[in-house]
Number of protein chains: 2
Amino acid sequence: MTETVRLSWKTVRDRVHARVLDGTYAPGDRLPRDEDLAEQFGCARSTVQRAMQDLSLSGIVERRRKGGTRVRRDPVTRATLDIPITRNEVESRGAVYGYQLIEQTTAPPAPAIAARLEIPGAEDMLRVRALHLSDGRPFVFEDRWVSLRTVPEIREIDLAAQSANEWLVRNKPYTRCDLRFYAINADADTAGILETDEGAALMVIERTTWIGGDPITSVKALTAPGYQILTRS
Amino acid sequence: MTETVRLSWKTVRDRVHARVLDGTYAPGDRLPRDEDLAEQFGCARSTVQRAMQDLSLSGIVERRRKGGTRVRRDPVTRATLDIPITRNEVESRGAVYGYQLIEQTTAPPAPAIAARLEIPGAEDMLRVRALHLSDGRPFVFEDRWVSLRTVPEIREIDLAAQSANEWLVRNKPYTRCDLRFYAINADADTAGILETDEGAALMVIERTTWIGGDPITSVKALTAPGYQILTRS
DNA sequence: AAGTGGTCTAGACCACTGA
DNA sequence: CAGTGGTCTAGACCACTTG
């Protein structure tokens, strides 16, 4: 009844979560109002509010004004991923990072690329194909398109010395980022670049970014066999 | 100077974010103290605090007591993924969901599985192999191990009628979840089950869950060719 | 129209950590 | 030890949504 310790919102969150876990509040159930929970826990309503906001963000409960708070019926697994700059990814594994520019051209992109960037017509864009190495071995091969309208400065950058990945991430923050992951079989060209066999299963990471409504870049990163994406610990 | 409107913490967050984007605060720079920002924006310090907490969570800035708030030098792409129950995934695409139990046995798992679940010795576990269908076509083949020590009730469940995926997600909430994604070439067995060609590139989703410190399940979901994982919009 | 979550404020105190 | 972020509280008002 009387709490001797001061409760933090994280404590409240964990206690309420525990009640969901042990079935006190079952899926679909309505939880007490924040104010009542605050009384139960002997804390301020705003503390409960902060706790419930976090549970809502984690997909544990759903909250609606007037409708109250309910335990989600169909829980989803919600995970957070970090995709670092490739150089950092290599170096954080204790390997030596390397980089090779393969090709740099200016051309209108294929319709699929334009669609991904949500731009209507065909306009010249910068295409960069480059290889990231880990301890001298191919690690990630990236095939990138950069909007010259949104990022004209990139014409001046020596992309043989510095990867577009690094330059863009450091100099062109984005406000929106779409990611998708899928698997493909390596074609002959890709297999040659990644020094693997044709047909090998490769994980592909596609990333497209915008600033405001303007497209920055769309990149298809083909990873060497064995590459894994892990959730943030 | 004088704000006529009331600022929400999200507004403050977006304004500070804009300053990072336009270079007012460059990577590595130290931002003003919360209290000074509050004065600039004409709001309470707690409003700024909430805003900065969110920017910190998004990986835009780093905050340290006494050290202040700094713009992260090496931004990471941080994304949130939702992995729904397979049935919901199929049905939300407007397809008809189907399910087939392929095999159900009790045996000690391979060392790799035990290691993933962080259990020391070999103990009997429930192994379930099952196929999820979308409009009658193979969609996801799951190879799952369930801890009979943590989840003894699952012995009583008819896993031919209800998928372990669904039963566990609905009845066994977890407190910790590890996910990993990678690509493999389908072996003959898998290709047969997924009705594809041997060697086809498949995306694999491995998910392992615990409640408290106790292992619940580890599942390897082999997805049919073409499967994509998208970030939450 | 009324109930419930969302947010703000001002002030207070705590907790961590860098100088 | 002093500076800065982290959190709590109590009260107030707003915004959404359901009955």
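Naming: A, B, ... by sequence-line order, numbering from 1 per chain.
Look at A:S46 and you won't find any side-chain N or O under 4.0 angstrom from OP1 or OP2 of D:dA10. Here B:R45 does not reach the OP1 or OP2 of D:dG6: none of its side-chain N or O atoms lies under 4.0 Å away.
Checking C:dT4, D:dG5, D:dT9 against the side-chain heavy atoms of A:R33 singles out C:dT4 as nearest. Closest to the A:T47 side chain, of the nucleotides D:dC8, C:dT9, D:dA12, is D:dC8.
Each side chain to side chain donor-acceptor pair (under 3.5 Å) pair with one or both residues in residues 145-161 of chain A, not counting sequence neighbours, appears once here: A:E123-A:R149, A:S147-A:T150, A:E153-A:K172.
As rounded to whole Å, 17 Å separates atom C1' of D:dT9 from atom CG of A:L37.
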Check: residues 208-215 of chain B side-chain donor-acceptor pairs under 3.5 Å, at least two apart:
{"unit_1": "B:T208", "atom_1": "OG1", "unit_2": "B:S218", "atom_2": "OG", "d": "3.2"}
{"unit_1": "B:W210", "atom_1": "NE1", "unit_2": "B:L117", "atom_2": "O", "d": "3.1"}

For residues 44-53 of chain A, dump all side-chain donor-acceptor pairs below 3.5 Å to protein atoms at least two apart in sequence or in another chain.
{"unit_1": "A:Q49", "atom_1": "OE1", "unit_2": "A:R63", "atom_2": "NH2", "d": "3.0"}
{"unit_1": "A:R50", "atom_1": "NH2", "unit_2": "B:Q53", "atom_2": "OE1", "d": "3.3"}
{"unit_1": "A:Q53", "atom_1": "OE1", "unit_2": "B:R50", "atom_2": "NH2", "d": "3.3"}

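Within residues 48-71 of chain B, the residues approached by DNA chain D to less than 4.0 Å at the level of any non-hydrogen atom are B:Q49, B:Q53, B:R63, B:R64, B:R65, B:K66, B:G68, B:T69, in residue-number order.
For A:D14, there are no side-chain contact (heavy atoms from CB on, under 4.5 Å) partners at least two apart in sequence or on another chain. Every side-chain hydrogen bond (donor to acceptor under 3.5 Å, both in side chains) that A:D82 has, sequence neighbours left out, goes to B:R78.
Here the two rings, on A:H132 and A:F139, have centers that are 6.0 Å apart or farther.
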